[in-house]
Structures are given as C-alpha cells and as structure tokens.
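Below is one structure, written out as structure tokens; comments come after it.
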Amino acid sequence: MPLKCLLDGKPIFAFALSESDWDALKEENRNLRHLRMACCEAKVTPKTSKLGTQFFAHGRTEGCVSPAETAEHLLAKAMIAKAVKDAEWEVDTEVSGCTPSGEQWVADVLATKGKSRIAIEVQWSRQDQGETKRRQERYRQ
C-alpha cells in the first residue's frame, strides 16, 4: 500500500495531505483517473485504511511486483515519513535502488538532507539479527 503516487510525473504523498485535500484529490481522480502508481504506472485509487491512514491502491495490479503491506506497516511508514518531513528533511517513500554489486533494495522511507541520506525500513515480521545486519550493509553500500 504505497504512500506515493504520480500526477503528471511528479510525486504526491498521501501523508502530506489534509483530510479536505485528500477528499478533493479522491473526487478529482474519480472524474479524471489521472493519478498513476510510481512503481508500475497503473491507475490509482486513493483509499483510507481501517487505521485511518491515507494511501494509494493499484487500480489494477497486473504486472506489478509491489508486495502487500499490513495496515500497521502502512501506518508506521506514514508516521515516519511525516516526522521526517516535519523535521525539515526531504522525504520519499517506496524508494528502490541497487547496490554496486547489483542487489536490489526498497526503502520504506528515504530521508535526505544535504549529503546525508537515511534509508528507513519498517520491519513488522520476525527477522533475525544476521538478516538485519545484511540489510543495513546493503543500504550502507
């Protein structure tokens, strides 16, 4: 459940919109169907989770490999992204990249300020310490 979609190629973040702006965006999208997923260019349906988190859902998921997330994972991502933005850092969500050795990664939240970049990954399921260290090294690279 992404927190970001694209409008004319520019990102829109669900967590950054007030409730009234969110309602207006949903209505506008109902009429124009102009929002697109950043991951696969599919049409977007703005939704609100059972926990009250605003997010963007795929209109169609054919061909997209974005994994499903729990409502709790989505809420944690949104809270972190909003805190990053409130701290006056640049924020992006669902950011993908590749290490110099070719290993793919996706950061739930990427915080940037000047030359500093911090990848934040919400880990909701069990993970051993070795996997945590491996992922941290991947992001460091």
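Hydrogens, waters and symmetry mates play no part in the numbers below; they use all other heavy atoms, side chains included. Not measured: the values here are computed from a predicted model.
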Passes side-chain contact (heavy atoms from CB on, under 4.5 Å), L17 versus L25? Steps please. CA-CA 9 Å; L17 298 175; L25 180 69; 3.7 Å; yes
side-chain contact (heavy atoms from CB on, under 4.5 Å) for E72 and W124? Distances and angles first, verdict last. CA-CA 8 Å; E72 293 82 6; W124 208 256; 3.1 Å; yes
Which heavy-atom pair separates [X] from [Y] by the least distance, and what is that distance?
X    : Y    : result
A119 : Y139 : CB-CD2, 3.6 Å
T45  : G59  : OG1-CA, 4.2 Å
P2   : E94  : CA-OE2, 3.4 Å

Assess the side chains of [X] and [Y]: does a donor N or O sit below 3.5 Å from an acceptor N or O?
X    : Y    : value
Q127 : S125 : no
D23  : S20  : no
H34  : E28  : yes

Among D108, L75, V122, exactly one meets side-chain contact (heavy atoms from CB on, under 4.5 Å) together with E69. Which residue is that? D108
Does [X] come within less than 4.0 Å of [Y], counting only side-chain N to carboxylate O?
X    : Y    : result
E131 : R135 : yes
E27  : R30  : yes
R138 : E103 : yes

Evaluate the side-chain proximity of T48 to T53: yes if any heavy-atom separation is below 4.5 Å, no if none is. no
Would you indicate whether the side-chain heavy atoms of C5 and R36 approach each other to under 4.5 Å? no
Might you work through the side-chain contact (heavy atoms from CB on, under 4.5 Å) test for K77 and K82, ending with a clear yes or no? CA-CA 9 Å; K77 272 184 9 182; K82 185 169 182 346; over 6 Å; no
Between W22 and F56, does the ring centre distance come in under 6.0 Å? yes
